[in-house]
Structures are given as C-alpha cells and as structure tokens.
J.: 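Before I ask anything, here is the structure I am working with.
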Amino acid sequence: MLLVRRSVTDPSKVAYFAVHARAGTPVSEIVRVMGLRWSVEDCFETAKSDCGLDHYEVRTWDAWHRHITLAMAALAFLTVTATRTDTTEEPPLPVPAGRDKDKDKDKEPGTPEKGAETGPPAS
C-alpha cells in the first residue's frame with residue numbers, strides 16, 4: 001500500500017510512504033502509526049545532541065553495541081529525571097542555618113521569637 005501525505009501549510013509538498021501492514025488494517029490505524037514516526041525521530045535527535053549517540057568511533061560490533069546501549073540508557077535516565085523533577089509545585093524554602101526545623105513546626109506563622117521586640121521602636 002502507498003500512503004500519500006500532503007502538507008497542511010503547503011499543499012504542493014507531498015510525501016509518500018510505503019506501508020507494509022496486514023490486509024484489512026484500517027487506514028486510521030496506519031495514519032496513527034505514521035504519526036508516531038516524528039516522536040521517534042525527535043527522540044533520536046535528542047539522544048544525538050544530549051547523550052552523544054552519534055559520537056562513536058569503534059571498529060567492532062561489540063564496542064558499537066556498548067556505546068549505543070549506554071547512550072540510550074543515559075537518555076532514559078535523563079528523561080525519567082526530567083519527568084520526576086518537572087512539577088508545578090514550588091519547592092520548600094530552605095531553613096536558614098542555625099535554626100531548628102522542629103522548633104518552628106509548632107509555632108504559628110508570624111509569631112515573634114521569644115525575647116524579640118514586638119512594639120514600635122523606642123524613641
């Protein structure tokens with residue numbers, strides 16, 4: 001089967017894809033799978049730029065396999081780390097040095113420390 005895709009922005013640009021799918025596969029499924037191609041290409045481009053996927057100078061298949069495996073493992077680690085640290089919540093404020101976190105836990109916000117002046121400055 002031959003899948004023909006026309007650009008939305010420039011109708012004169014046409015791309016052709018040879019499709020090897022089982023007979024009876026719905027066209028919507030073929031189009032969905034073809035759309036996944038871009039995310040896979042983006043993943044490889046990220047691996048090349050961030051993890052050195054394309055920086056190998058090896059002479060044996062074993063060495064090439066080790067390099068590619070380590071580069072893809074590094075990309076997986078970076079992706080998981082970025083996903084886990086990408087939160088919308090603000091991180092907790094650091095406690096200044098010399099202060100006891102547990103002591104301040106029971107105190108109401110805005111309550112002055114013992115011995116702190118609370119009134120207007122004396123004149």
Side-chain angles (χ1 to χ4, degrees):
M1 175 193 278
L2 182 66
L3 180 69
V4 181
R5 183 182 62 88
R6 187 180 328 172
S7 173
V8 176
T9 57
D10 184 6
S12 64
K13 289 185 179 178
V14 178
Y16 301 94
F17 301 94
V19 178
H20 302 284
R22 290 184 180 170
T25 303
V27 175
S28 60
E29 180 70 10
I30 294 170
V31 171
R32 185 188 70 79
V33 171
M34 290 305 298
L36 295 176
R37 173 179 173 227
W38 307 115
S39 62
V40 171
E41 285 187 14
D42 185 47
C43 181
F44 278 116
E45 189 62 37
T46 302
K48 287 179 182 179
S49 65
D50 293 353
C51 302
L53 184 66
D54 58 347
H55 294 154
Y56 58 87
E57 295 181 17
V58 297
R59 296 180 185 264
T60 65
W61 186 88
D62 289 339
W64 174 85
H65 190 263
R66 285 186 194 110
H67 175 79
I68 298 301
T69 302
L70 288 174
M72 294 308 287
L75 178 64
F77 172 78
L78 292 174
T79 302
V80 168
T81 303
T83 303
R84 287 184 178 171
T85 58
D86 185 26
T87 61
T88 56
E89 297 176 16
E90 299 220 2
L93 295 173
V95 176
R99 295 197 65 180
D100 186 9
K101 285 189 276 186
D102 294 331
K103 182 176 89 174
D104 293 339
K105 201 186 302 182
D106 298 330
K107 191 171 72 165
E108 290 290 324
T111 306
E113 293 285 330
K114 281 187 178 177
E117 296 184 22
T118 57
S123 39

J.: Would you name the heavy atoms of M72 and L53 that are closest together and state the gap between them?
T.: SD-CD1, 4.0 Å

J.: Could you tell me the separation between the OG1 atom of T46 and the CD atom of E41, rounded to the nearest 0.5 Å?
T.: 11.5 Å

J.: Measure the SG-NZ distance between C43 and K48 for me, rounded to the nearest 0.5 Å.
T.: 11.5 Å

J.: Ring-plane angle category for W61 and W64, please: parallel below 30°, perpendicular beyond 60°, tilted otherwise.
T.: tilted

J.: For the CZ atom of R37 and the CG atom of D42, what is their distance to the nearest 0.5 Å?
T.: 12.5 Å

J.: Output the rest of the hydrophobic cluster of W38: all Ile, Leu, Val, Met, Phe, Trp and Tyr residues reachable through side-chain heavy-atom contacts under 4.5 Å, sorted by chain and number.
T.: none

J.: Test your reading of the model: is there a side-chain donor-acceptor pair from H67 to the backbone of E57, 3.5 Å cut-off?
T.: no

J.: Flag yes if L75 and F44 sit in one hydrophobic cluster, no otherwise; membership is Ile, Leu, Val, Met, Phe, Trp, Tyr, and two members link when side-chain heavy atoms are under 4.5 Å apart.
T.: yes

J.: Are L2 and V14 connected, step by step, through hydrophobic side chains (Ile, Leu, Val, Met, Phe, Trp, Tyr) whose heavy atoms are closer than 4.5 Å?
T.: yes

J.: Kindly compute the distance separating NZ (K13) from CZ (R5), expressed to the nearest 0.5 Å.
T.: 10.0 Å

J.: Pick out which of I30, V33, V31 makes a side chain to side chain contact (heavy atoms under 4.5 Å, CB included) with V19.
T.: I30

J.: I'd like to know if V58 and I68 are part of one continuous hydrophobic network [Ile/Leu/Val/Met/Phe/Trp/Tyr, side-chain heavy atoms within less than 4.5 Å].
T.: yes

J.: Counting only heavy atoms from other residues, nucleotides and ligands, does the tally under 6.0 Å from CZ of F77 exceed 12?
T.: no

J.: Work out which heavy atom in C51 is nearest to a heavy atom in A71; give both atom names and the distance.
T.: CB-O, 3.7 Å

